[in-house]
Trainee: 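Sharing a structure with you now.
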Amino acid sequence: MSNWIRSRRRDAHSSDNENRSEGPSRWSHCRKRGIDGSLRSSRDGGDGVNNGSTDSRDRHSDSRHASFTTPESRGPVSRCDRQGDWGSQVEDAEMRRDVHRDMQRYRRRILGAEVTQRERKISSGSSESCDSREGENMETDEAVLLRRQKQINYGKNTLAYDRYTKEVPKHMRQPGVHPKTPNKFRKYSRRSWDQQIKLWKVKLHAWDPPAEEGQDKVLDNIDELGLDDVMDIELDFPTLSDSQNATVSLTARNISLEGQGEDCSGTPVKVQKTEPSAEPDMA
Amino acid sequence: MENSNEDYKIQSFDQDTQMLLKTALKDPSSVNLDKVSNIIVDQSLKDQVFSKEAGRICYTIVQAEAKQNNGNVFRRNLLNRLQQEFKDREETRGRSLQEWVCFVTFICNIYDYLKVNNMPMAALVHPVYDCLMRLSQPDALMNEEEVDCLVLQLHRIGEQLEKVNSQRMDELFFLLRDGFLLQEGLSSMARLLLLEILEFRAGGWVLSSTAHKYYYSEIAD
C-alpha cells in the first residue's frame, strides 16, 4: 500500500547515514567503542546516532585537532539532549539497577567481613576493626555512585583495559604496581575521587595497544614537548575521543576542567555490566 | 537453520537481507546493526504479520549482542528509530492507517519482548499508552482496523501495562466504556470487540469460560 513511501523514506534515511559518516578522531584508536557503543574495529566509520551535527568542523586547516582550538560557538549541549532519547533512557535505567545491585553485594561483603572479624576478635582479642567502619562510611548517594560508575565504565571501555585484564590475572596483581579500579562505595571528596580515576587511567594507558604507524603524530609531538601529564588529563576527557560525535562546547569544558566535564556528558555510551567478580574486589 | 528462519518470519525478505539478519542473530558485531534495526522497523511498518512477531527477532539480536561484547548498539538504534516514528505518528496515521496500525503493533511487541532485567522498559510505558489512547479516540473507534489493533494489544500486554501504571489504564478504559456506550455510528463488530475487552479486563485479564464461549463459539446456544 504505502510501499513507495516507505522505500522513499528508507532512501532518505540511508543518505542520512552517508552524510553522517566521519573519521575516527585521533584519540579514538584506543577506544573500544564509539559514542553509540559500536565497536570501532568493525565499523571504524562510526556512523553513530548523533544529532546530525559534526563533520568538517573537527578538522582544522592547520591540521590541529578541533579540541585544541576554541570552536566557533555552536552552543553547548547536544550531549545532554541524548538523555532524552529512548536508547539512553533505557541504558540509564539499566546502569542505575546495576549500581544498586553492586551496592547490595558490597553490603553483603562488608557484613561477611564483620562476621569473620568478630570471630577473630573472640579468639585472639585483637582490636583491628577497620572493616566495621566501612559500612558507616559507605557512599550511598545514587547521583554520586552513578557519576562514578560512568567514569569507571569509561575507563573500562578501552582496549587497554581489555588487554590488562587478559594479561594480568587477578591474583597476579600487586597493589601499587598494577592499576586498581577505585572503590566507588568509599566516601571520598570529589577532588580525591577524580584524582584516583585519573591515576587509574594513567596506569591503564600502559596497556594501550601499540600505536599504528603514523597514527599518533600529534601524541608523539606532545611527548617530545614533555607534556605527557597534560595529555593524560586531556585523554581522560570522555568527550575528547568521541569529539566528532559530540558537539560539546569545548570552552565550557575547559572552564570546568576540575570536574572533568563528565557531569552532563553522559560519558560512556556503553552501559557496561560490571563484572560481578571484578567490581566489589577493591576494598 | 531453516527452523529459526521460520521462527523469525524473515522469509518475506530478499535473500541478501535474510543473510544479513541471520548473521546479525549469530554474530551481531560483524554487521551494521544500525542498518539491521532500520530494516526491521521498515518491514514492521509495512507488514502486519511481521510487526506482530518482530519483537522476538529483536530480542534475540539484543541478547546476542550483549553476550558477544556487552554491547547495546542494536537496542539503542532500534529504540531511537522507534522514538522517531512515535514522534511522527499522527502524520503516519493521516497518511496510511495500515502503517499506523503496524507501528502500534510493533511498538507493543517490542514492549512485550524487550525487557531489561526482566522489567519492562520504563521509557516505553507512556509512549505505548499514548498509542493506545490514540486508538481509543472517537475517530479511531470508527475504524474497525484500529479497534482490532487496540484490542489485540490489550489482550497481549494489557495486564503488564496495568501493573506498571494502573492510572493510565483506568483512563484508557474510561474512553473505551464511553466509546462502547455513547458513540454513535460504531459498527456492531467494533462494539463486540470493545465489549469483549471490557469483560476481559473486568475479569482480571482473563475471559471466563462462559464469556469465551459467547465470543468464540461458532454457534451460541
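All values below come from the heavy atoms of this structure, side chains included, with hydrogens, waters and symmetry mates left out. This structure is a prediction, so every number in the text was calculated from the model and none was measured.
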Trainee: Using atom types as modelled and distance alone, determine if a side-chain donor or acceptor of A:Asp85 lies under 3.5 Å from a backbone N or O of B:Asn80.
Mentor: no

Trainee: Would you give the length of the straight line joining atom CD1 of B:Ile110 to atom CH2 of A:Trp86, rounded to the nearest 0.5 angstrom?
Mentor: 11.0 Å

Trainee: Would you name the heavy atoms of A:Glu94 and B:Asn72 that are closest together and state the gap between them?
Mentor: OE1-ND2, 4.3 Å

Trainee: Is the number of heavy atoms from other residues, nucleotides or ligands within 6.0 Å of NZ (B:Lys115) greater than 12?
Mentor: yes

Trainee: Going from NZ on A:Lys156 to CG on B:Asn70, what distance comes out if it is rounded to the nearest 0.5 angstrom?
Mentor: 10.5 Å

Trainee: Looking only at heavy atoms, which two atoms of B:Ala123 and A:Val90 are closest? And how far apart?
Mentor: CB-CG2, 4.1 Å

Trainee: So does B:Arg76 get a backbone contact from the side chain of A:Glu91, meaning a donor-acceptor N/O pair under 3.5 Å?
Mentor: no

Trainee: Using heavy-atom distances under 4.5 Å, tell me whether B:Leu82 contacts chain A through its side chain, its backbone, both, or neither.
Mentor: both

Trainee: Please identify each residue that fulfils side-chain hydrogen bond (donor to acceptor under 3.5 Å, both in side chains) with A:Glu167, with sequence neighbours left out.
Mentor: A:Trp207

Trainee: Near B:Tyr59 OH, under 6.0 Å, is it more than 12 heavy atoms from other residues, nucleotides or ligands?
Mentor: no

